[in-house]
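Chain identifiers are assigned alphabetically (A, B, ...) following the order of the sequence lines, protein sequences preceding nucleic acid strands; residue numbering begins at 1 within each chain.
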Amino acid sequence: MEAISQLIVPNPYLAILLFVAVSVGLAAALQAVPFLTHPMRRSKEKISAYESGFEAFDTARRTFDVRFYLVAILFIIFDLEVAFLFPWAMVLQDISWFGFGSMMLFLTVLTIGFVYEWRQGALEWE
Amino acid sequence: MLPDLIFALFATGILVGAGLIIAARNPMLGMLGMLVTFINAAGLFILFGAEFLGLLLIMVYLGAIAVMFLFVLMTIDLEFFKLREKPKAYLPLGLLTVAVLAGEFILAANYGLFSTNVTMLPTGEQPQNIIQIGNVLFTTYVLPFQLSGLVLLTAMVGAIVLTHRPRSDVKRQSITKQVLRTKEEGLTMTKPKLGHGTGTNVAKHWKPKSVAK
Amino acid sequence: MFYTLTLSHVLTLSALLFTMGMAGIVLNRRNIIAILMCLELVLLSVSINLVGTSYFRADITGQIFSMFILTVAAAELAIGLAIVTLFFRNRGTIEIDAADLMKG
């Protein structure tokens with residue numbers, strides 16, 4: 001028992017791994033058991049798509065507007081900006097004014113981009 | 001023993017996901033493979049003590065890049081299966097090259113130039129991973145850091161230039177214009193006589209809306 | 001922490017992933033989106049390489065540059081996918097062979 005606790009203590013993320021493993025296993029089991037045990041009697045009506053009693057008119061794959069994509073791109077850029085902010089916020093008292101200034105320069109550069117996209121109207125939904 | 005097994009688990013997951021990506025005929029299945037790959041890679045990073053990077057991988061790749069891929073797949077009306085598949089002439093040579101490359105890499109990694117058996121583990125109490133990163137990222141590596149800011153700026157401007165098409169057939173609200181409107185330009189005072197209308201000839205300025213198609 | 005795992009194993013995993021990405025580019029040569037996904041695999045293999053080295057050498061530099069790789073990958077994808085949507089709008093396909101306007 002002592003040996004196992006020695007093994008487990010070092011990495012605190014092991015608990016998360018166990019959690020993920022158990023949840024994946026449970027989900028797989030809950031899917032698998034009915035699939036293996038249920039009686040399967042397929043008929044044409046049973047496996048056809050149901051849409052208010054009609055046949056489906058066309059496919060469900062409609063194309064999106066490009067504007068969604070533009071929003072996704074702008075999101076990813078600012079996502080990365082925030083990713084750089086996390087370590088900066090953790091060490092701000094150790095890296096002095098130089099670290100502060102370097103982050104301010106970084107933010108200024110990205111703010112220029114932000115102003116550009118605002119002026120271009122990329123944020124407007126129309 | 002346990003960490004080695006966990007490494008094997010994550011490595012298998014990464015390779016299975018990669019196999020799914022390169023073999024998938026359906027792009028959505030390829031996306032699923034990408035998710036599997038990156039979740040396992042995040043686990044691998046956390047196993048190697050790079051916790052911040054692992055979580056960043058989940059945040060950026062699964063939270064943003066996967067969404068972007070899906071948006072593109074939905075934006076273009078994909079008839080993925082109807083891509084022409086004719087010339088296979090390049091295939092044997094290409095795969096041979098890739099196999100030779102893999103062999104060389106593995107030889108170099110295992111019997112190669114690097115002294116890969118030396119392990120230098122940190123001694124003593126180490127600060128948190130994110131603090132270690134922050135301590136050098138904004139001081140020693142300030143130049144690459146600023147460069148990455150410029151790369152992000154380029155990506156932002158490039159994406160807007162490439163995809164943004166301002167629509168001219170839509171009426172927009174300009175709040176500034178709305179607020180700065182004065183009484184003189186918005187209002188005409190008339191004293192209409194009985195039965196003659198206002199006399200300002202509104203009909204001259206009125207245009208019919210274009211009929212929506 | 002590890003008992004038998006050495007840097008060689010990590011480098012081998014990285015090499016396998018890299019070559020799988022290359023093989024994916026060769027196999028899906030026509031499809032731009034599949035090629036972009038395989039490029040992501042190649043970049044991930046480099047990241048794994050750096051993080052593994054960072055662990056076995058007890059040096060944080062590998063993780064820093066892995067972070068820069070992440071940034072560059074995101075920027076590259078943003079532009080690349082924008083080009084794909086534009087290309088699809090102009091040519092109605094995402095086959096690479098359709099991009100032949102500059103071919104003499």
Go through C:I25, C:T53, C:L44, C:T71 and name the one with the most non-hydrogen pairs under 4.5 angstrom from chain B. C:L44

Might you confirm whether atom CZ of C:R89 has over 12 heavy atoms from other residues, nucleotides or ligands at distances under 6.0 Å? yes

From C:Y55 OH over to B:L44 CG, what is the distance, rounded to the nearest 0.5 angstrom? 11.5 Å

Given a strict heavy-atom distance threshold of 4.5 Å, which part of C:I48 is in contact with chain B: side chain, backbone, both, or neither? both

Let me know if C:I60 has heavy atoms under 4.5 Å from chain B in its side chain, its backbone, both or neither. side chain

Is there a side-chain contact between B:I22 and C:C38 (heavy atoms, below 4.5 Å)? yes

Tell me, side chain or backbone of C:L77 under 4.5 Å from chain B's heavy atoms, or both, or neither? both

Atom pair CD (C:E76) and CD1 (B:I65), whose distance is rounded to the nearest 0.5 Å: 8.5 Å

Which region of B:T154, side chain (C-beta onward) or backbone (N, CA, C, O), has a non-hydrogen atom less than 4.5 Å from a non-hydrogen atom of chain C, or is it both or neither? backbone

Where does B:M34 contact chain C at under 4.5 Å (heavy atoms): side chain, backbone, both or neither? side chain

Non-hydrogen atoms of chain B under 4.5 Å away: do they reach the side chain of C:I79, the backbone, both or neither? both

Check: B:L147 and C:F68 side chains under 4.5 Å, non-hydrogen atoms: no

Checking B:A41 against chain C: side chain, backbone, both or neither under 4.5 Å from a heavy atom? side chain

CG (B:L180) with more than 12 external heavy atoms under 6.0 Å: yes

For the candidates C:V72, C:V84, C:L81, which exhibits the highest count of non-hydrogen atom pairs separated by less than 4.5 Å from chain B? C:L81

In terms of heavy-atom proximity below 4.5 Å to chain C, should B:L53 be classed as side chain, backbone, both, or neither? side chain

Measure across C:A15 and B:I106 and return the closest heavy-atom pair with its distance rounded to 0.1 Å. CB-CG1, 4.4 Å

Pick one of side chain, backbone, both or neither for B:Y61, based on which atoms fall under 4.5 Å of a heavy atom in chain C. side chain

Which atoms of B:I133 are under 4.5 Å from chain C, going by heavy atoms: the side chain, the backbone, both sets, or neither? both

Can you tell me how far the CD1 atom of C:I83 sits from the CG atom of B:L162, to the nearest 0.5 Å? 6.0 Å

Residue B:F145 versus chain C: region with a heavy atom under 4.5 Å: both

Using side chain to side chain contact (heavy atoms under 4.5 Å, CB included), reason through B:V136 and C:T61 one step at a time and then give a plain yes or no. CA-CA 8 Å; B:V136 287; C:T61 312; over 6 Å; no

Identify which of B:A11, B:A159, B:G94 forms the greatest number of heavy-atom pairs closer than 4.5 Å to chain C. B:A11

Do you know which two heavy atoms are closest between B:T163 and C:A82, and how far apart they sit? CG2-CB, 3.8 Å

Nearest non-hydrogen partners of C:T19 and B:V98, listed with the distance: O-CG1, 3.4 Å

Nearest-0.5 Å distance that lies between atom CG in C:L41 and atom CD1 in B:I21: 4.0 Å

Region of C:E40 in contact with chain B, defined by heavy-atom distances below 4.5 Å: both

Given heavy-atom pairs under 4.5 angstrom as the criterion, report whether the side chain, backbone, both or neither of B:M31 touches chain C. both

If I take atom CG from residue C:L70 and atom OG from residue B:S148, how far apart are they, to the nearest 0.5 angstrom? 10.5 Å

Could you tell me which portion of C:L36 (side chain, backbone, both or neither) has an atom closer than 4.5 angstrom to a non-hydrogen atom of chain B? both

Pairs of heavy atoms under 4.5 Å with chain C: top-ranked of B:I6, B:T140, B:L15: B:L15

So, do C:L16 and B:F105 sit near enough that their side-chain heavy atoms are less than 4.5 Å apart? no

Rounded to the nearest 0.5 Å, what separation is found between the CG atom of C:L5 and the CZ atom of B:F48? 5.5 Å

For chain B, the option from C:M67, C:H9, C:Q63, C:M22 that forms the most heavy-atom pairs under 4.5 Å: C:Q63

Best-contacting candidate, C:V51, C:V10, C:L17, against chain B by heavy atom pairs under 4.5 angstrom: C:V51

Need one label for B:V151: side chain, backbone, both or neither, based on atoms under 4.5 Å from any heavy atom in chain C. both

Pick one of side chain, backbone, both or neither for C:S47, based on which atoms fall under 4.5 Å of a heavy atom in chain B. both

